[in-house]
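Residue numbers start at 1 and run along the sequence shown.
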Amino acid sequence: MVNNLPPDYAKTVVYPAYRELLSAASKGKRWTWCEVCPDAIIGFTPNGSQFSLALHWAQYLSLYAYNHCVGPLATEAATSPVEVPFPGNAAGANSLFSPVSSATIARFMIYASLHPETWGGGRLFNVADNETPCKYGEIWPQLAKWFGLVGVGPVAEKASAPDNSMGAGELPESTSLLPPREYVTKYRSIFNQNGRENAATKGVGAGHRQLDSVGYWLTFDRQLSITKLRGTGFEEDKDPVQGWLSAF
């Protein structure tokens with residue numbers, strides 16, 4: 001796909017240079033290499049990550065639950081189910097993509113390393129948990145449920161920018177829903193009140209702006225075909241939601 005990019009944009013992409021370097025370095029050698037191409041990687045990183053959407057949404061949803069008296073530590077129970085809207089727009093909720101759990105991609109890399117005859121030679125493989133693409137709008141209710149909440153669709157705004165007009169890190173100028181980072185900033189003291197000091201101080205840090213915008217700028221279908229991957233016999237389809245819950 002990189003080879004089909006416009007020249008001005010292609011020169012900002014480093015992958016072709018990496019391929020040339022690896023091809024030249026491995027020529028005539030006993031070692032070989034392959035390229036692993038995921039879409040969104042979902043998982044937990046022990047040393048933290050500024051771009052972990054699982055961490056970002058877990059902090060947001062757990063605080064949302066505490067703030068609405070949902071959960072085992074709630075001092076008083078919520079009187080009715082608590083709905084939490086998807087942090088994005090309709091296009092962001094309904095665009096197709098192909099997430100992969102960190103566990104799956106780790107096993108894939110180990111498997112590839114042990115089978116160079118199948119995976120080597122500079123071959124490129126897309127990797128995902130499931131051959132069927134999914135949507136954030138389908139995943140969101142299941143993620144919210146894990147925190148005792150009811151995940152619903154995005155808030156319909158009376159006046160907003162077109163669904164496909166924003167880029168990474170951009171948010172609507174006005175919205176009735178606080179983005180996750182702003183919500184955490186406003187209500188983080190509730191974590192402390194519930195004995196969750198780490199939750200109040202941890203998070204994605206500088207990556208919050210881009211992660212807050214995921215539901216607004218990723219409004220296009222970007223699913224991957226993993227037919228080539230499945231042809232090698234590597235694993236079977238998994239429920240993509242499980243990668244999120246394992247990370248939580």
Side-chain angles (χ1 to χ4, degrees), residues 1-2 4-6 9 13 36-43 49 51-58 60-61 83-102 104-105 125-146 149-181 183 204 207-230 237-245 247-248:
M1 181 170 65
V2 173
N4 297 324
L5 293 173
Y9 188 80
V13 181
V36 182
C37 294
D39 180 7
I41 302 177
I42 309 302
S49 171
F51 297 102
S52 171
L53 189 58
L55 169 59
H56 193 51
W57 280 357
Y60 171 58
L61 289 170
E83 295 184 347
V84 54
F86 173 71
N89 56 33
N94 293 307
S95 57
L96 299 173
F97 74 114
S98 302
V100 60
S101 67
S102 56
T104 295
I105 199 169
F125 295 92
N126 294 334
V127 60
D129 278 332
N130 201 292
E131 193 163 5
T132 302
C134 56
K135 305 173 182 179
Y136 278 127
E138 297 170 345
I139 290 176
W140 183 251
Q142 299 179 69
L143 306 187
K145 182 179 179 181
W146 198 86
L149 302 167
V150 178
V152 297
V155 175
E157 303 292 346
K158 292 181 180 179
S160 61
D163 282 351
N164 61 350
S165 65
M166 297 180 195
E170 295 182 349
L171 294 167
E173 292 183 3
S174 62
T175 176
S176 57
L177 180 71
L178 283 177
R181 171 67 175 196
Y183 189 92
V204 296
H208 70 87
R209 185 74 180 181
Q210 180 166 329
L211 296 177
D212 276 348
S213 72
V214 162
Y216 294 100
W217 75 275
L218 289 176
T219 57
F220 52 90
D221 291 342
R222 53 200 180 278
Q223 71 271 27
L224 301 176
S225 169
I226 58 171
T227 301
K228 187 176 179 182
L229 176 71
R230 288 293 177 259
D237 283 347
K238 301 181 184 64
D239 181 358
V241 173
Q242 192 55 48
W244 293 85
L245 303 187
F248 294 163

Is [Y] close to [X] at the side-chain level, that is, under 4.5 Å between some pair of heavy atoms?
X	Y	answer
E131	T227	yes
V84	Y183	no
L149	E83	no
P133	F97	no
R209	L171	yes
P85	W140	no
Q210	F51	yes
F86	P154	yes

Supply the atom-to-atom distance [X] [atom1] to [Y] [atom2], rounded to the nearest 0.5 angstrom.
X	Y	atom1	atom2	answer
Q242	N130	CD	CG	13.0 Å
I139	I42	CD1	CD1	7.5 Å
L143	L61	CG	CG	7.0 Å
T132	L96	OG1	CG	10.5 Å
I105	C37	CD1	SG	9.0 Å

Who passes salt bridge (charged side-chain N to carboxylate O under 4.0 Å, His left out) against D239, sequence neighbours left out?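 D239: no salt bridge (charged side-chain N to carboxylate O under 4.0 Å, His left out) contacts found.
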
Taking all heavy atoms of [X] and all of [Y], pick out the closest pair and write down the distance.
X	Y	value
A93	K135	O-CB, 3.4 Å
Q142	L245	O-CD2, 4.5 Å
A54	F248	O-CE2, 3.4 Å
S95	G92	OG-O, 3.5 Å
Y136	R222	CE1-NH2, 3.5 Å
S225	N126	O-ND2, 2.9 Å

Derivation and outcome, side chain to side chain contact (heavy atoms under 4.5 Å, CB included), residues L55 and L211: CA-CA 10 Å; L55 169 59; L211 296 177; over 6 Å; no

Polar side-chain atom of D212 near backbone of R181 as donor-acceptor pair, under 3.5 Å: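 Yes; at least one donor-acceptor contact below 3.5 Å.
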
Would you check if the distance from the ring center of W146 to the ring center of W244 is below 6.0 Å?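 Judged by ring-centre distance (under 6.0 Å), W146 and W244 do not meet the cut-off.
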
Tell me whether K145 at atom NZ has more than 12 heavy atoms from other residues, nucleotides or ligands lying less than 6.0 Å away.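 No, because the 6.0 Å sphere around NZ of K145 holds 12 heavy atoms or fewer from other groups.
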
For K238, check side-chain hydrogen bond (donor to acceptor under 3.5 Å, both in side chains) against everything at least two apart and list the hits.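 side-chain hydrogen bond (donor to acceptor under 3.5 Å, both in side chains) list for K238, sorted by chain: E235.
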
Picking from S101, S98, P99, what satisfies side chain to side chain contact (heavy atoms under 4.5 Å, CB included) with D129?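 By the side chain to side chain contact (heavy atoms under 4.5 Å, CB included) criterion, D129 pairs with just one of S101, S98, P99: S101.
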
